[in-house]
J.: 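Structure in structure tokens, see below.
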Amino acid sequence: MTRLLLLLLLLISQSSQDGAQEGVLDCEPQNLTLSGSGQTLWVTWDEDPSCSAAAAPLSYRLTLFREEQQVEEANVSAGPDRVGSGQSWEWKSKLPVDCASHSVRIRSWLNDRLSSWERRRTRPGRNSSKNEEIFPQDAVLAVGSEATFCCLLPEGNRVENMSLRNYNSSNLRTTRISDQRFSLTLRLETVGNHVDVKCRDSDGGDYGASVYIGYPPDDRDLRCETRDLESAECSWKKGRDTNLQLKSSTKYQFNGSLYERPCKDGICSLKKKLKVDSGEKIWTLTAENKLGNVELRDSADLMTRIYLLAPEGLSASQVNSRNISLRWNWTLQRYRDLNLTCQVKVQHGDRTSTTEHFGLGLSSAVLMGLIPNWEYDVKVRCGTAQHFWKWGDWSRDETFRTKGDVPDVLDVWMQKKENQVVILWKELLDTQRHGDISGYQVSWKTGADMNQTSDVHNVSLSLDTGRQHAVNVSAWNQYGRSAPSAIIVPGLGPGETAVKTSQVTGRDRVLNLSWSGSPAASCGYVVDWSPAVRLGPVDWLKVPPNETTASLPNNTLEGGVRYSVSIFACTDGAPVLLEKRDAYIRETQIEDGLFRGMTSRQQDSDAVVSWLPVPLREQSAFITGYVLEYRSDSGKVFTVSTDDPEATTLTAKHLEVGTYSFTLAALTAVGRGGNTTISATLNPPTPTLIFVSLGVVFVSLLLVLFLCYRYWACIKQKVYPPIPKPVMSNLLFSSPVKSCAGFVHPELSDPSLEVMDVLQLHLKAGTPESGYVNQEDVSLTCPQTHNGYYNGTSPLSGVLLSPFRGEIPNLSYNPTTETRDQLGGLNVSCGYKPQSSVETSGQNQDQDQDQDQDKDQNQDQNKDRQDLGIVCISDYILAPQLSSF
Amino acid sequence: MAGTRTRAAAVAALLQEECSNLLALYREKEDFPVDVAEVRLVPVAPPSSQLDTRDKLLHLHSALLQCHTLLERAITKEDEMLGGGEKGKYEKQREMVKNRLSHLIISTGELLKAADGSPILIPHSDDPEEPFSPSHSQPRSPTVLFKLKLWIYQIYKEVDHWTKAVIATLKELPAETDRKRKRIMPATRSARITRSMRR
């Protein structure tokens with residue numbers, strides 16, 4: 001029966017389809033509905049039961065309208081399993097569906113035949129409301145998401161625009177839906193905790209909505225532990241700020257229980273009571289806000305996560321000078337059953353040290369190696385030794401002061417100053433005094449035991465330099481005397497001067513030294529230093545035996561100052577000087593005007609510039625040489641240099657005549673320095689040619705004179721032919737011819753003497769051309785001695801003894817006396833001097849008188865001579881001779 | 001009376017200037033236009049010329065009190081919804097206006113007392129949301145953020161409006177007050193005597 005009914009229906013259906021093929025499809029959708037939420041619309045309808053019989057697949061055509069404007073047309077195929085039941089279609093809108101009214105219509109479609117449209121269904125948009133012209137209001141949205149705002153105005157108004165302040169316009173999209181409806185879509189960015197979307201109508205009215213923009217929770221790193229062994233304390237990091245504290249603060253649930261505001265300053269924690277024993281436990285935390293949630297999990301055996309509370313009642317139970325005993329308490333009884341490891345932090349000044357101590361329920365510790373008479377701050381913290389989780393809290397600080405003690409051993413050194421030895425020691429640091437220093441005692445042996453006390457840190461001792469001395473120094477405080485510190489002062493010996501000095505310069509304000517190790521350095525090395533030229537305190541440092549390098553503390557060294565550094569080997573006996581250095585921690589530019597006494601000296605066409613050696617105190621860097629720069633008037637610049645640091649001259653060669661400026665500079669590792677400038681004018685070279693010419697003329701003149709002298713007779717004969725002369729009587733010899741003082745003609749003084757073979761020279765003053773004769777023109781007769789010259793005592797003897805004697809002869813008249821020799825072949829020439837009587841001076845008158853007497857006495861002798869017939873002939877008159885120059 | 005009036009006028013002038021500054025800062029902060037539609041939040045009739053001095057002062061005094069209440073509510077709500085973080089220039093100006101308004105209320109109260117009127121007692125509110133409100137008839141503050149911002153802006157404008165009203169009224173007041181003072185002097189004195197006798 002049922003089959004028959006179905007067959008009948010099919011036939012009816014078939015017949016109706018056949019009828020439709022000719023016109024409108026009868027199979028129409030029914031019960032059309034339209035609903036929506038957010039940006040989604042749902043369309044549902046029922047299929048006409050009559051359509052179920054259709055053989056071909058059935059489709060539906062839907063048309064969607066927004067505010068009466070078609071926005072979508074879609075074809076939907078009815079699924080085979082849905083035939084005969086409800087159908088649906090979902091549509092995603094770019095706008096919130098509430099922004100506008102939406103309507104839909106539908107009809108069936110089968111084999112190119114369409115049904116008539118089903119009645120249109122409309123979903124109205126949100127109505128304009130006085131308080132919500134824009135929606136959504138106060139929405140909470142995630143950064144980076146896209147949001148659409150709709151502006152809905154009542155009838156009669158018209159939306160002018162929608163806007164958003166401080167937003168990139170490329171992220172904005174506005175759509176006019178109708179005169180009263182407008183939408184604005186934007187990609188949300190973080191611009192503070194909210195932004196305002198505004199809508200303005202044509203009358204200037206402003207409407208707006210705020211939107212909160214933020215992030216979902218970002219909490220992380222949940223960790224649970226126990227402190228009191230009675231509860232779990234869990235903590236985690238808050239992570240990124242959600243930016244929604246005001247509108248949608250994060251809510252926390254821990255193992256299902258809600259917790260309010262567990263976070264402070266980015267760290268969150270909560271506490272949950274539970275029984276703490278062995279066994280793993282699981283904790284879950286959920287953080288949630290309007291934009292999302294995050295779940296954190298942690299699991300652990302809490303006995304392996306014990307975070308100890310701070311020890312209580314820390315105190316120093318026993319205080320000594322170099323160690324103390326500490327005690328503390330545990331308020332939780334269960335801690336006493338734990339194997340603990342504790343850290344004791346000891347702090348004094350800026351220095352901190354930490355020691356670790358172990359024990360079951362540890363509650364005490366002993367601190368060793370403390371400084372006597374010193375204040376310490378101590379605190380303690382502990383952790384479990386087994387399954388160490390983390391250090392517990394520090395206890396409060398406890399301050400104590402150790403007992404006093406004798407001072408530490410002094411650091412002693414010595415400095416030799418001429419015959420004195422200065423024993424120096426470094427002032428004890430606060431950490432080395434252990435009390436109040438009351439003084440120092442220095443003791444040594446020079447035959448007997450000697451000692452001396454001092455309040456300062458050095459003493460000068462006059463020790464026998466011939467041998468070495470052991471000097472001990474101790475410091476005193478109220479607790480007693482320190483152990484003596486010994487230094488052996490060496491006696492005089494070679495060595496120090498034999499050590500060569502090298503140069504060293506610091507780098508980066510550090511003066512690093514290194515030296516060759518010495519087997520003699522059994523107790524290390526001592527490096528001492530002091531300013532090279534300035535009187536300054538010596539400083540030193542001691543280096544262990546296995547080290548051969550040291551850095552001098554730069555706070556003791558000054559840039560640009562030369563230091564003398566000595567490196568000694570510390571031995572069982574006296575220190576042995578190993579090496580010496582001249583050092584600068586930092587070489588600095590030498591100041592200008594360095595060269596004192598800088599002068600220039602011309603040497604032919606060269607200029608020799610010289611200067612005084614540069615004192616060490618003015619050398620702020622090692623001088624490696626000098627450079628002389630000289631500039632001529634024309635601006636040409638030349639240089640000459642030397643790399644000899646000891647040089648004190650430089651020569652500028654082959655200079656032209658003119659004025660030069662000479663600038664001398666010292667060459668150092670930091671450049672030229674100490675520039676000193678002088679100017680000098682270079683004169684033409686010495687007129688050598690003139691001197692040579694003069695010399696030639698002089699020699700020529702001499703030659704002429706010699707020739708004249710040699711051939712005077714001949715010349716005279718030629719120029720002044722001989723005038724006949726009367727024969728002179730012997731009286732002529734009695735004429736007042738002035739003879740040299742003390743001069744006595746040898747023949748006259750000693751008649752017994754043989755007649756000399758040499759010519760006797762009769763000097764007489766020449767007659768000046770003017771005819772005037774002065775006193776000096778006195779004619780002298782200077783006989784030569786037997787050996788050539790007379791070595792008389794006359795004041796004029798110098799003149800007389802000169803190899804050349806000038807005489808201008810009176811050529812007009814020269815009486816000649818013929819001597820016996822002349823007669824016999826010897827001629828003696830005698831000049832006539834008529835002026836002599838006039839020129840005889842008073843001074844000579846006495847001599848003359850004496851001579852007169854002598855003459856009287858000798859007249860007889862002369863007579864004898866006259867008897868010998870001495871004749872003066874002009875031929876033997878002496879040629880004029882040049883006086884000595 | 002004259003001294004009190006002068007002082008009140010000076011305080012009002014200062015408040016008017018400070019309120020202008022506050023409005024400017026707020027406009028800049030919230031990007032509001034100058035021409036936002038005015039809404040009267042204080043339901044007090046403006047002091048018309050029909051009223052006598054005492055009633056004028058009473059109106060002004062009442063309006064200022066309501067302004068003060070609104071201002072305090074505005075500050076509380078603003079900090080609550082927008083965060084009362086670091087105090088910037090705007091927040092300082094806001095506080096200054098509130099304090100100056102308090103001074104003006106006291107000054108007008110003294111004027112009112114001098115005009116033989118009783119100043120309005122400030123009722124104490126137990127509602128932390130609404131610190132003190134002379135009239136619970138005032139609408140509660142908006143809960144939507146943008147509306148709250150507009151409301152705050154309107155409150156500032158209301159303070160500005162009533163401050164200007166005080167300035168205008170005080171300018172008109174002297175002649176009237178002096179006249180009235182002369183007129184009411186014996187009565188005032190007798191009233192004082194009566195009050196002191198009652199005590």
Side-chain angles (χ1 to χ4, degrees), chain A residues 126 128-141 147 149-154 157 160-167 169 172 184 190-214 241-249 265 290, chain B residues 22-41 43 70 72-92 94 128-129 137-158 160-161:
Chain A
R126 185 182 290 204
S128 170
S129 132
K130 195 181 176 186
N131 286 326
E132 286 196 27
E133 291 86 357
I134 293 184
F135 75 90
Q137 288 278 346
D138 292 354
V140 179
L141 299 170
F149 295 84
C150 297
C151 179
L152 314 175
L153 298 183
N157 280 16
E160 193 67 28
N161 63 51
M162 284 186 82
S163 63
L164 199 70
R165 189 164 66 146
N166 297 333
Y167 245 76
S169 60
L172 290 176
L184 180 145
T190 46
V191 284
N193 58 16
H194 73 280
V195 291
D196 292 339
V197 179
K198 288 180 183 170
C199 175
R200 170 162 277 212
D201 67 15
S202 50
D203 297 333
D206 276 302
Y207 312 95
S210 298
V211 56
Y212 295 88
I213 305 166
D241 187 358
T242 62
N243 220 19
L244 298 173
Q245 297 84 349
L246 295 170
K247 191 64 183 174
S248 177
S249 60
D265 300 330
K290 283 188 177 175
Chain B
L22 178 62
L23 278 165
L25 286 170
Y26 194 71
R27 273 196 298 270
E28 186 189 345
K29 176 172 172 273
E30 299 298 346
D31 192 28
F32 280 164
V34 181
D35 56 349
V36 168
E38 297 244 352
V39 177
R40 290 275 75 83
L41 298 175
L70 284 169
E72 286 211 317
R73 284 170 59 193
I75 291 170
T76 306
K77 288 300 286 184
E78 188 176 27
D79 287 349
E80 186 184 304
M81 292 188 73
L82 294 168
E86 202 173 313
K87 299 288 179 201
K89 194 174 177 185
Y90 162 71
E91 285 79 7
K92 286 174 185 168
R94 193 178 64 175
E129 280 280 311
S137 61
Q138 281 187 351
R140 297 182 75 86
S141 49
T143 52
V144 171
L145 183 57
F146 191 80
K147 298 292 172 191
L148 178 79
K149 289 180 177 181
L150 273 179
W151 179 69
I152 292 167
Y153 189 47
Q154 283 157 354
I155 289 172
Y156 294 159
K157 293 190 93 167
E158 197 73 358
D160 186 57
H161 168 79

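Both backbone and side-chain heavy atoms feed into the values below; hydrogens, waters and symmetry mates do not. Here is the naming used below: chain letters follow the sequence lines, and residue numbers restart at 1 for every chain. Quick caveat, the model's predicted, so the values are computed rather than measured.
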J.: For the atom pair CD1 (I213(A)) and OG1 (T242(A)), what is the distance rounded to the nearest 0.5 Å?
T.: 13.0 Å
J.: Hydrogens and angles aside, do S210(A) and D138(A) bring a side-chain donor and acceptor to less than 3.5 Å of each other?
T.: no
J.: Determine yes or no for a side-chain-to-main-chain donor-acceptor pair under 3.5 angstrom, with T76(B) supplying the side chain and E72(B) the backbone.
T.: yes
J.: Which residues in residues 22-32 of chain B have any heavy atom closer than 4.5 Å to a heavy atom of chain A?
T.: E28(B), K29(B), E30(B), D31(B), F32(B)
J.: Can you tell whether the side chains of R200(A) and D206(A) come within less than 4.0 Å, N to carboxylate O?
T.: yes
J.: Could you tell me whether the side chain of E78(B) and the main chain of K149(B) form a donor-acceptor pair under 3.5 Å?
T.: no
J.: Heavy-atom distances under 4.5 Å only: say whether K247(A) touches chain B with side chain, backbone, both or neither.
T.: neither
J.: Could you have a look at L145(B), L150(B), L148(B) and say which one has the most heavy-atom pairs with chain A under 4.5 angstrom?
T.: L145(B)
J.: Any salt bridge linking K147(B) with E133(A)? Criterion: basic side-chain nitrogen under 4.0 Å from a carboxylate oxygen.
T.: yes
J.: Flag the pair R94(B) and E91(B) as a salt bridge only when some basic side-chain nitrogen lies within less than 4.0 angstrom of an acidic carboxylate oxygen.
T.: no
